[in-house]
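What follows is one structure encoded as structure tokens, with my remarks underneath.
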2 protein chains.
Amino acid sequence: MSKQDLVVLGQDGAEGCCPGLLTAPLDEAQSVELAKVFKALGDPIRLRLLSMIASRAGGEVCVCDLTPAFELSQPTISHHLKLLRQAGLIDCERRGTWVYYWLLPEMTDRLAGILTRPAGEPRPDRTTTTDVS
Amino acid sequence: MSKQDLVVLGQDGAEGCCPGLLTAPLDEAQSVELAKVFKALGDPIRLRLLSMIASRAGGEVCVCDLTPAFELSQPTISHHLKLLRQAGLIDCERRGTWVYYWLLPEMTDRLAGILTRPAGEPRPDRTTTTDVS
DNA sequence: GACCTGTATCGATGTCCTTCAATTCAAGGT
DNA sequence: ACCTTGAATTGAAGGACATCGATACAGGTC
């Protein structure tokens, strides 16, 4: 149940540090992979689930603590958790009768990096239109 | 055409620095607003559009440079640009016959911050299960 | 073994989203 | 005024997604 079909999202990590999204045009394959992760974040229920999981002291949460926090059926919550897991944002483990989820910070770190523009960016202020070429 | 219906997404910026998503459970209203932005990023075409706009030297791109980069109809590209704009990720301006788009770095900065966990996080290593109460 | 509890999967349904062709709108040029 | 070009809007069609009830599965307990 653990490493089922986690999104790949490029094994860069090696070649420097993340192409960036804000620094160079994304190619088609990259954009498809990245979009899967952002799509997983593009739902209020999943965002709340993720934040509940991520902010939990101890690092993990039992599903039985998540489900009653929403006015949704148990299958629906289970489905959302599955999507977050398939996006590589969380992982889970069964312990006895209960299933525990935890954050995979590698993925949120990667996203944060992708959305961060290079430090020295000369602020494309507009109105100053650098007019390159 | 500029400031039409940009998502609000909390006027925090003042109260410290971004609640975080990874540090505390998101409330319902926050999650709805945030989800709108992530949903806008949850499409490969929009990600490529955004990266083409953001990475452009000079800070802005003419629609006429974006449309031919995709095998999609002009109305479809226009629709995706509209969604990105409504999410507060980009803005645009007409100059003569052409319309130019540019990145609103405030929003990507905010997202990056939201996805960044506090520095000193004691790495919830799991298997070490801190077992708080 | 039979039973109970917690969780995941299945199938169906209604809604939202992506996409297009057709049209409209904006701004210049003739 | 008319025409042309670039871009946004409209309306419709198809597919994807969120949600549910019913069901299956996993691990305990008796």
Side-chain angles (χ1 to χ4, degrees), chain A residues 1-7 28 31-32 35-50 52-53 60-87 90-102, chain B residues 1-7 28 31-32 34-50 52-53 60-87 89-102:
Chain A
M1 178 191 274
S2 268
K3 52 189 66 175
Q4 185 169 304
D5 34 10
L6 302 181
V7 125
E28 214 167 320
S31 66
V32 169
K36 288 179 188 171
V37 186
F38 282 125
K39 190 174 298 183
L41 294 174
D43 181 278
I45 304 298
R46 287 195 290 273
L47 278 182
R48 289 176 61 196
L49 283 169
L50 186 68
M52 290 177 71
I53 295 170
E60 52 184 33
V61 195
C62 175
V63 174
C64 61
D65 288 331
L66 296 173
T67 306
F70 300 85
E71 297 197 344
L72 291 172
S73 70
Q74 173 268 321
T76 299
I77 299 299
S78 186
H79 173 243
H80 284 305
L81 288 171
K82 182 181 184 179
L83 292 187
L84 286 173
R85 191 158 53 80
Q86 289 180 334
I90 59 177
D91 201 359
C92 67
E93 181 185 52
R94 173 180 285 272
R95 282 208 285 283
T97 311
W98 297 277
V99 176
Y100 293 83
Y101 280 82
W102 59 86
Chain B
M1 177 192 273
S2 268
K3 50 191 64 175
Q4 184 168 305
D5 34 11
L6 302 180
V7 125
E28 214 168 321
S31 66
V32 169
L34 238 194
K36 288 180 189 170
V37 186
F38 282 125
K39 190 175 297 181
L41 293 174
D43 180 279
I45 304 298
R46 287 195 290 271
L47 278 181
R48 288 177 62 197
L49 283 169
L50 186 68
M52 289 176 72
I53 294 171
E60 51 183 34
V61 196
C62 176
V63 174
C64 62
D65 288 331
L66 295 173
T67 306
F70 301 85
E71 297 196 343
L72 291 172
S73 69
Q74 174 267 322
T76 298
I77 299 298
S78 186
H79 173 243
H80 284 305
L81 289 171
K82 182 182 185 180
L83 292 186
L84 286 172
R85 192 159 52 82
Q86 290 181 333
L89 287 159
I90 59 177
D91 201 359
C92 66
E93 182 185 52
R94 174 180 285 272
R95 280 209 284 283
T97 312
W98 298 278
V99 176
Y100 293 83
Y101 280 81
W102 58 87

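Numbers restart at 1 for each chain; the letters A, B, ... are given by sequence-line order, proteins then strands.
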Quick check for you: to the nearest 0.5 Å, what is the distance between B/Ile53 atom CD1 and B/Leu84 atom CG?
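Rounded to the nearest 0.5 Å, the CD1-CG separation comes out at 6.5 Å.
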Of A/Leu81, A/Val61, A/Val63, which meets side-chain contact (heavy atoms from CB on, under 4.5 Å) against A/Val99?
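Option passing the side-chain contact (heavy atoms from CB on, under 4.5 Å) with A/Val99: A/Val63.
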So, does [X] get its side chain near the phosphate of [N], meaning an N or O under 4.0 Å from OP1 or OP2?
| X | N | result |
| --- | --- | --- |
| A/His80 | D/dC17 | no |
| A/Thr76 | D/dT19 | no |
| A/Thr97 | C/dG6 | no |
| A/Arg46 | D/dA18 | yes |
| B/Tyr100 | D/dG6 | no |

Expressed in angstrom and rounded to an integer, what is the separation of [X] atom [atom1] from [N] atom [atom2]?
| X | N | atom1 | atom2 | result |
| --- | --- | --- | --- | --- |
| A/Ile90 | C/dT7 | CD1 | P | 13 Å |
| A/Leu47 | D/dA18 | CG | P | 12 Å |
| A/Leu81 | D/dC17 | CG | P | 17 Å |
| B/Gln74 | C/dA26 | CD | C1' | 13 Å |
| A/Arg95 | D/dG28 | CZ | C1' | 16 Å |
| B/Ile77 | C/dC20 | CD1 | C1' | 12 Å |
| A/Glu93 | C/dT7 | CD | C1' | 15 Å |
| B/Arg94 | C/dA26 | CZ | C1' | 5 Å |

Which nucleotide, [options], lies nearest any side-chain atom of [X]?
| X | options | answer |
| --- | --- | --- |
| B/Lys82 | D/dT9, C/dC17, C/dA8 | D/dT9 |
| A/Asp43 | D/dA7, C/dA8, D/dA18 | D/dA18 |
| B/Leu72 | C/dA8, D/dA7, C/dT19 | C/dT19 |

Return the minimal non-hydrogen interatomic distance between A/Gln74 and A/Thr67, and the atom names on each side.
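Shortest heavy-atom contact: CA-CG2, 4.0 Å.
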Hey, which sits more toward the 5' end of DNA chain D by its nearest nucleotide, A/Ile45 or B/Cys64?
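Per heavy-atom nearest nucleotide, the more 5' residue is B/Cys64.
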DNA chain D: A/Gly96 or A/Leu83, which has the more 5' nearest nucleotide?
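Its nearest nucleotide lies further toward 5', so the answer is A/Leu83.
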4.5 Å side-chain heavy-atom contact, B/His80 and B/Phe70
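No - every pair of side-chain heavy atoms lies 4.5 Å or more apart.
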Ring-face cation of B/Arg95 near B/Tyr100 (centre distance under 6.0 Å, axis angle within 45°)
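So B/Arg95 does make the cation-pi contact.
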Give one of base, sugar-phosphate or nothing for A/His79, where a contact means two heavy atoms less than 4.0 Å apart.
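Counting heavy atoms under 4.0 Å across all strands, the contact made by A/His79 includes a base.
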Over all strands shown, is B/Leu66 touching base, sugar-phosphate only, or nothing at heavy-atom distances under 4.0 angstrom?
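Result for B/Leu66 = nothing.
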